[in-house]
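In the text below, chain A, chain B and the rest are named by the order of the sequence lines, each starting its count at 1. These numbers come from a predicted model, not from an experiment.
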2 protein chains.
Amino acid sequence: MNSFTEENYLKAIFKLSSPDTDGVSTNSIAEELQTKASSVTDMIKKLSDKKLVKYKKYQGVSLTKKGKIIAISIVRNHRLWEVFLVEKLNFKWDEVHDLAEDLEHINSEKMTERLDEFLEFPKYDPHGDPIPDKNGNVYNHKDVTLADLKQNEKGIVVGVKEHSKSYLNYLESINLVLGAEIKVDDIIDFDRSMSASVNGKKLVNVSHQASKNLIIKKL
Amino acid sequence: MNSFTEENYLKAIFKLSSPDTDGVSTNSIAEELQTKASSVTDMIKKLSDKKLVKYKKYQGVSLTKKGKIIAISIVRNHRLWEVFLVEKLNFKWDEVHDLAEDLEHINSEKMTERLDEFLEFPKYDPHGDPIPDKNGNVYNHKDVTLADLKQNEKGIVVGVKEHSKSYLNYLESINLVLGAEIKVDDIIDFDRSMSASVNGKKLVNVSHQASKNLIIKKL
DNA sequence: ATTTATTTTTAGACTAATCTAAAATTATTT
DNA sequence: AAATAATTTTAGATTAGTCTAAAAATAAAT
Ligand SMILES: [Mn+2]
Ligand SMILES: [Mn+2]
Ligand SMILES: [Mn+2]
Ligand SMILES: [Mn+2]
């Protein structure tokens, strides 16, 4: 079928695609996959031959229907495995991404559906990312971050936009985990940092860098 | 670390090694891995450079301590994942091998140990093969097969030597699954086929081809 | 509208793993 | 012990994926 490498390219293109812009740039894919633009061009040609992407020289790429289906099924796999690792094997949310990067490429529709069932059809992964259903429908969060809240506004933490271990560890240390209620007490004009209270109780200080990566559902 | 391919070679050499004979032949590895002898020679050299096998030209190979540890950990992984697929995801014993071939290469000691714990430290996989413990100790079954039983002797099915879907399916259809009690009623001299009863009840006919691949604990 | 900068593609080389065909070695027969 | 057969290794090619450096195309600045 498709190699791990091809699958990673499809996933990257999917991640970088957005409804408004039409083509994903070679450089952005190279950046995402930590590789060189020339390598990306080569692979794009290959995926284009396989009808998994639409490609016109110098004009960027986009996924075909076929390519998108594959990309989404990989994302589905990735997120289901992350749930498994956290819920069943007691991993922490900052430990599961790399393992899921490998597990996601084991392609078995049967295994995926059984896993989904075993996990009782979770809607979100440990980072709050939505798990595509078996028909490939994904329902993304509205993109409101803590940084968008104004003074005295409240919200619930529903996800993160940044998945690094250091960020996730930090969030956990100040109890800003999924489901936490946060209220903005004050915003410092100078650096846009916030002082906020979590679950009504404590007072924490959060940099703009941190607040803009925390996805919030407004209350 | 080591590539999937290297790991598969180590596993093959481990499987083909036996306490009595000292070197595994190039051809037998090629046969096991469905590849050509020349490819095997190339890979052996590479593994030798990495000190994972001992190799002298034309004299066959054997695993070093380092190589053996890796091979056993892959086998451990393989068999634990097979248990997971059968016990937790309700796969049948004939459906899990190929998936485990992929899952076994995801190397995370932490995941393996957590999985082992989650599965409540199983001793055997769905085919009766022993699961190496975390220190690499493997306790193999004594190699008695149904074909070794004489008339009127009884035994318990504890494993299979052949893992093909067709064989496993066939065994299941005549209730010769792990734990079944079998009694040899009659042996036909001509083709060494047997008529036998399973769990005291039924009467089945088993070819020599089938009986010699069924591992038995004598009663 | 040119010039300059940035992005993207091509050309050519490299590594891992594989193969076929030929050569070298070891094993088996006569 | 020589001849033949079987096994194993080498030589040389191939494919996937990657890289650097140079060329081509597009975008931005003057
Ligand atoms: Mn992830
Ligand atoms: Mn995630
Ligand atoms: Mn197996
Ligand atoms: Mn097994």
Colleague: Is the phosphate of dA24(D), meaning OP1 or OP2, less than 4.0 Å from a side-chain N or O of K57(A)?
Modeller: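 So the side chain of K57(A) is outside the cut-off, no N or O lying under 4.0 Å from OP1 or OP2 of dA24(D).
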Colleague: Using only heavy-atom distances, determine whether the side chains of D148(A) and T145(A) contain a donor-acceptor pair under 3.5 Å.
Modeller: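 Result is yes, a qualifying pair exists.
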Colleague: In terms of side-chain geometry, is the basic nitrogen of E109(A) or R76(A) positioned less than 4.0 Å from the acidic oxygen of its partner?
Modeller: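 R76(A) and E109(A): not salt-bridged.
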Colleague: Does the base of dT18(D) carry an N or O that pairs as donor and acceptor with the side chain of S38(A) under 3.5 Å?
Modeller: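 For S38(A), whose side chain was compared with the base of dT18(D), there is no donor-acceptor pair (under 3.5 Å).
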Colleague: Does any N or O donor sit under 3.5 Å from an N or O acceptor when you compare the side chain of S25(A) with the base of dT7(C)?
Modeller: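 Such a pair does not exist between side chain and base.
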Colleague: Need one value for T41(B): base, sugar-phosphate or nothing, where a base atom within 4.0 Å counts as base even if backbone is also close, heavy atoms only.
Modeller: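 Base, at least one base atom sits under 4.0 Å.
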Colleague: For residues 126-138 of chain A, which residue pairs qualify under side chain to side chain donor-acceptor pair (under 3.5 Å), counting only residues two or more places apart or in two chains?
Modeller: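 Sorted pair list: E82(A)-H127(A), D129(A)-H163(A).
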Colleague: Take atom CZ of F4(A) and atom P of dT18(D), then tell me their distance rounded to the nearest Å.
Modeller: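 The distance from CZ of F4(A) to P of dT18(D) comes to 14 Å, rounded to the nearest Å.
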Colleague: So, does Y55(B) get its side chain near the phosphate of dT8(D), meaning an N or O under 4.0 Å from OP1 or OP2?
Modeller: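 False: Y55(B) side-chain N/O out of range (4.0 Å or more) of dT8(D) OP1/OP2.
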Colleague: Taking only N and O in the side chain of N27(A), is any of them less than 4.0 Å away from OP1 or OP2 of dT8(C)?
Modeller: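 Indeed, a polar side-chain atom of N27(A) lies that close.
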Colleague: Counting just side-chain N and O atoms, does T26(B) come under 4.0 Å of either OP1 or OP2 of dT9(D)?
Modeller: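 So the side-chain polar atoms of T26(B) do come within 4.0 Å of the phosphate oxygens OP1 or OP2 of dT9(D), strictly under.
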Colleague: Toward the 5' end of DNA chain D, which comes first, S39(A) or Q59(A), by nearest nucleotide?
Modeller: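 It is S39(A), whose closest nucleotide lies nearer the 5' terminus.
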Colleague: Please give, in whole Å, the distance from dT8(C) C1' to K36(A) NZ?
Modeller: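 Going from NZ in K36(A) over to C1' in dT8(C) covers 15 Å.
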Colleague: Not counting sequence neighbours, which residues clear side-chain contact (heavy atoms from CB on, under 4.5 Å) with Y124(B)? List them please.
Modeller: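 Listed in chain order: P130(B), H141(B).
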